[in-house]
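As structure tokens, the structure follows; a few thoughts come after it.
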Amino acid sequence: AEENLDAMWRVNVKGPYRLIRAALPHLRAAGQGRLVNIASTDGKRIRDRTAPMGYAMTKHALMALTHAARFAGYEDGLRC
């Protein structure tokens with residue numbers, strides 16, 4: 001149901017997004033930092049065809065967010 005998808009989206013994508021957005025200025029100011037997101041292997045490829053589509057979708061989105069953060073902060077010493 002869409003309620004489950006909304007909940008997964010809030011936890012798996014929007015939560016990390018908000019934390020990155022809040023931390024990025026501080027990491028840039030420090031000139032270094034490490035950002036670690038845990039997405040499970042479903043963030044790379046879907047292994048279990050019975051896994052909910054929303055789960056795999058949000059884990060892929062988390063990986064995309066991590067890559068975007070890497071590009072956004074790389075020149076300032078942020079590693080993801």
Side-chain angles (χ1 to χ4, degrees):
E2 289 219 18
E3 299 82 26
N4 292 337
L5 177 58
D6 291 340
M8 283 188 280
W9 194 256
R10 280 191 305 273
V11 171
N12 294 341
V13 182
K14 290 180 91 173
Y17 170 75
R18 290 174 178 150
L19 288 169
I20 291 168
R21 193 175 64 194
L24 197 53
H26 303 285
L27 295 169
R28 282 186 169 139
Q32 64 180 350
R34 302 294 181 266
L35 187 144
V36 178
N37 286 319
I38 300 172
S40 81
T41 57
D42 284 334
K44 291 253 188 203
R45 66 181 177 90
I46 300 167
R47 299 170 291 112
D48 181 0
R49 72 175 79 184
T50 64
M53 270 196 248
Y55 178 79
M57 182 173 69
T58 61
K59 294 302 183 171
H60 273 78
L62 180 59
M63 291 300 297
L65 172 62
T66 304
H67 288 294
R70 181 184 67 196
F71 289 123
Y74 192 84
E75 290 183 7
D76 297 312
L78 179 65
R79 301 297 177 258
C80 302

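This structure is a prediction, so every number in the text was calculated from the model and none was measured.
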#### Entry: Heavy-atom closest pair, residues Gly33 and Leu27
CA-CD2, 3.9 Å

### Task
Kindly compute the distance separating CD1 (Ile38) from OG1 (Thr66), expressed to the nearest 0.5 Å.
10.5 Å

### Query
Are more than 12 heavy atoms from other residues, nucleotides or ligands located less than 6.0 Å from atom OH of Tyr55?
yes

### Query
Quick one: does Met57's side chain get under 4.5 Å of Leu5's, heavy atoms only?
yes

### Task
Show the numbers, then the answer: is there a side chain to side chain contact (heavy atoms under 4.5 Å, CB included) between Leu62 and Asn37?
CA-CA 8 Å; Leu62 180 59; Asn37 286 319; 3.8 Å; yes

### Task
First locate atom CD of Glu75, then atom CZ of Arg28, and finally report the distance between them rounded to the nearest 0.5 Å.
9.5 Å

### Query
Hey, any chance Tyr17 and Leu78 share a hydrophobic cluster, counting ILVMFWY side chains that come within less than 4.5 Å of each other, even indirectly?
yes

#### Entry: Distance-minimising heavy-atom pair for Cys80 and Ala69
SG-C, 3.9 Å

### Query
Checking Arg79 side chain against Tyr74 main chain: does a donor-acceptor pair fall under 3.5 Å?
yes

### Task
Might you confirm whether atom CZ of Arg45 has over 12 heavy atoms from other residues, nucleotides or ligands at distances under 6.0 Å?
no

### Message
For a side chain to side chain contact (heavy atoms under 4.5 Å, CB included) check, start with the C-alpha distance between Gln32 and Asp76, then their side-chain angles and the critical distance, and finish with the verdict.
### Response
CA-CA 7 Å; Gln32 64 180 350; Asp76 297 312; over 6 Å; no

### Query
Should Pro16 and Leu65 count as side-chain neighbours, where that means a heavy-atom distance under 4.5 Å?
yes

### Nearest-0.5 Å distance, CE of residue Met63 to OG1 of residue Thr58
12.5 Å

### Message
Testing the basics here: between Ile20 and Leu35, what is the closest heavy-atom pair and its distance to 0.1 Å?
### Response
CG1-CD1, 3.3 Å

### Message
Quick check for you: to the nearest 0.5 Å, what is the distance between Lys14 atom NZ and Met8 atom CE?
### Response
14.5 Å

### Query
For the residue pair Lys59 and Ala39, what are the closest heavy atoms and their distance?
CD-O, 3.2 Å

